[in-house]
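Index from 1, following the sequence.
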Amino acid sequence: MSTALAAIRVGARTESEPAIAADVLDEHGLTVPAGSQSLGIMLAELLAGPIPDGERVGLTWTTSARLTRADRARVRTVVTHVAHDGLDRHVEVVDEAGRVRESGVETWQTATRPNPITALDFCGVEWATDLQSRLNRDEAFTSSVSTWDGTIGLRSGAREVHLRIYKGQVIDVTRRSLLGATFTFEARPETWVELMLGADDDFMRRALRGEFSSAGNGYEYLRLTRPLHTIMHHARAMAQEVPA
């Protein structure tokens, strides 16, 4: 069990076979009243299974179209964050048409310590410090921000880190800067995973589709579109360099 847990890292995925919700419940001797808000949650739990050596200590859940007992669905999961004491896992219940009907984020606490990987700890301070080193050696980046003075925030879910930039260099990395970020660039944790670990660098396409958003000074955000693309390029390169 410990070996299995140690091998779990950000980007680890599972996908169940499609099954009719009523059949899954019957197989486990469970009954859920028609229209119950817990049907999707129960199906996800039964088809995804637990994290080895872990206890689920938190769950947030959203519903776009409530699942029914007659629906045939499958459950997809992806690990979005790994810490020394546990991890977060994104869960989706997908119907036959490929629509995500219900989804949520599970927080698992583990007795055995997982092995966090800095390059996959998106928007963590150590991750951003490694990113800082790469950016300050990239002439394309330093020239594009040579006259800019400000702070870029990067956020993945509730995790946020700030890059203080001055005269073409990232001069500081902090969880929260004293005066706040000039603007903050953010996305859901599963979107970070898909972009950083996907086969293609489709950052601009995802940004245009609204998968990333910004808060704060919108003018400065638009001015820094090119440097942002460079930041994402280096973050993706860090993730892609992690051995499989």
Side-chain angles (χ1 to χ4, degrees), residues 8-16 40-41 44-45 48 51 56-67 73-83 86-95 98-108 114 116-128 131 152-163 175-176 181 183-216 218 221 224-225 228-229 231-240 242:
I8 294 178
R9 68 180 205 178
V10 170
R13 297 178 181 274
T14 66
E15 182 167 345
S16 71
I41 296 174
E45 183 175 353
I51 295 293
R56 194 175 72 183
V57 294
L59 174 67
T60 60
W61 198 258
T62 59
T63 301
S64 58
R66 189 171 297 165
L67 204 70
R74 66 187 189 279
V75 173
R76 301 188 303 218
T77 75
V78 59
V79 175
T80 57
H81 179 237
V82 174
L87 53 89
D88 293 338
R89 183 169 71 169
H90 178 73
V91 183
E92 295 178 336
V93 181
V94 185
D95 65 18
R99 298 173 300 175
V100 178
R101 299 277 292 273
E102 303 189 34
S103 63
V105 177
E106 302 173 329
T107 300
W108 290 80
I117 300 172
T118 297
L120 302 180
D121 187 25
F122 312 127
C123 300
V125 171
E126 291 184 9
W127 170 85
L131 186 60
I152 296 176
L154 300 173
R155 183 185 297 150
S156 171
R159 292 168 56 77
E160 184 171 340
V161 69
H162 289 181
L163 308 179
R175 178 60 63 194
R176 296 276 181 168
F183 65 87
T184 301
F185 196 62
E186 58 186 301
R188 298 188 305 271
E190 61 271 23
T191 301
W192 280 91
V193 171
E194 291 166 2
L195 175 62
M196 296 296 124
L197 295 174
D200 300 315
D201 184 354
D202 56 355
F203 165 65
M204 290 305 297
R205 180 170 61 85
R206 290 181 180 276
L208 291 172
R209 285 201 315 230
E211 294 184 27
F212 286 87
S213 61
S214 69
Y221 162 63
L224 267 68
T225 298
L228 269 173
H229 197 174
I231 289 171
M232 293 298 166
H233 171 78
H234 281 288
R236 178 177 154 81
M238 287 165 49
Q240 295 283 325
V242 174

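- Residues meeting the side chain to side chain contact (heavy atoms under 4.5 Å, CB included) test with Leu59, sequence neighbours left out: Ile41, Arg56, Trp61, Glu106.
- Contacts of Arg236 classified as side chain to side chain donor-acceptor pair (under 3.5 Å), with partners at least two apart in sequence or in another chain: none.
- The line from CZ of Arg9 to CG of Leu87 is 14.0 Å long, rounded to the nearest 0.5 Å.
- Legend: residues meeting salt bridge (charged side-chain N to carboxylate O under 4.0 Å, His left out) with Asp202, ordered by chain and number and at least two apart, are Arg205, Arg206.
- The shortest side-chain heavy-atom distance between Val78 and Glu194 does not fall under the 4.5 Å cut-off.
- Residues passing the salt bridge (charged side-chain N to carboxylate O under 4.0 Å, His left out) test with Glu186 are Arg155, sequence neighbours excluded.
- Annotation: side chain of Leu131 is not in contact with side chain of Val161 (no heavy-atom distance under 4.5 Å).
- The 12-atom threshold is exceeded at CD of Gln240, counting heavy atoms of other residues, nucleotides or ligands nearer than 6.0 Å.
- Closest approach of Ser156 and Pro189 over heavy atoms only: OG-CA, 3.4 Å.
- Here the OG-CG distance, from Ser214 to Leu224, works out to 11.5 Å after rounding to the nearest 0.5 Å.
- In this structure, the side chain to side chain contact (heavy atoms under 4.5 Å, CB included) partners of Thr107, at least two apart in sequence or on a different chain, are Val57, Asp88.
- With sequence neighbours left out, the salt bridge (charged side-chain N to carboxylate O under 4.0 Å, His left out) criterion links Arg176 to Glu160.
- Shown here for Ala83 and Pro116, the closest heavy-atom pair between the two residues is C-CG, 3.7 Å.
- When the side chain to side chain donor-acceptor pair (under 3.5 Å) test is applied to Glu190, the partners found at least two apart in sequence or on another chain are Arg188.
- No side-chain heavy atom of Val82 sits under 4.5 Å from any side-chain heavy atom of Leu120.
- Remark: Ser16 pairs with no residue by the side chain to side chain donor-acceptor pair (under 3.5 Å) rule, at least two apart or across chains.
- Under the 3.5 Å distance criterion, the side-chain polar atoms of Glu102 are matched with a main-chain donor or acceptor of Leu67.
- Ring geometry for Phe212 against Phe185 counts as parallel: the plane angle stays under 30°, on a 0 to 90° scale with 60° as the upper cut.
- In this view, Phe183 and Tyr221 satisfy the ring-ring contact (aromatic ring centres under 6.0 Å, His included) rule, not counting sequence neighbours.
- Expressed to the nearest 0.5 Å, how far CE of Met232 lies from CG of Leu195 amounts to 7.0 Å.
- Here the shortest heavy-atom pairing between Met238 and Ala119 reads O-CB, 3.6 Å.
- Qualifying salt bridge (charged side-chain N to carboxylate O under 4.0 Å, His left out) partners for Asp121, counting only residues two or more places apart in sequence or in other chains: Arg159.
- Of all heavy-atom pairs spanning His90 and Ser103, the tightest one is CE1-CB, 4.2 Å.
- Val193 places a side-chain heavy atom less than 4.5 Å from the side chain of Phe122.
- In this view, His233 satisfies the side chain to side chain donor-acceptor pair (under 3.5 Å) rule with no residue, not counting sequence neighbours.
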Test Val10 against Ile117 for side chain to side chain contact (heavy atoms under 4.5 Å, CB included), laying out the working first. CA-CA 8 Å; Val10 170; Ile117 300 172; over 6 Å; no

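- Rounded to the nearest 0.5 angstrom, His229 NE2 and Met204 CE are separated by 6.5 Å.
- For the side chain to side chain contact (heavy atoms under 4.5 Å, CB included) test, residues two or more places apart in sequence or in another chain that qualify with Ala65 are Arg101.
- When all heavy atoms are compared, the tightest approach of Val75 to Ala48 is CG1-CB, 4.0 Å.
- Nearest heavy atoms, Leu197 versus Gly11: CD1-CA, 3.8 Å.
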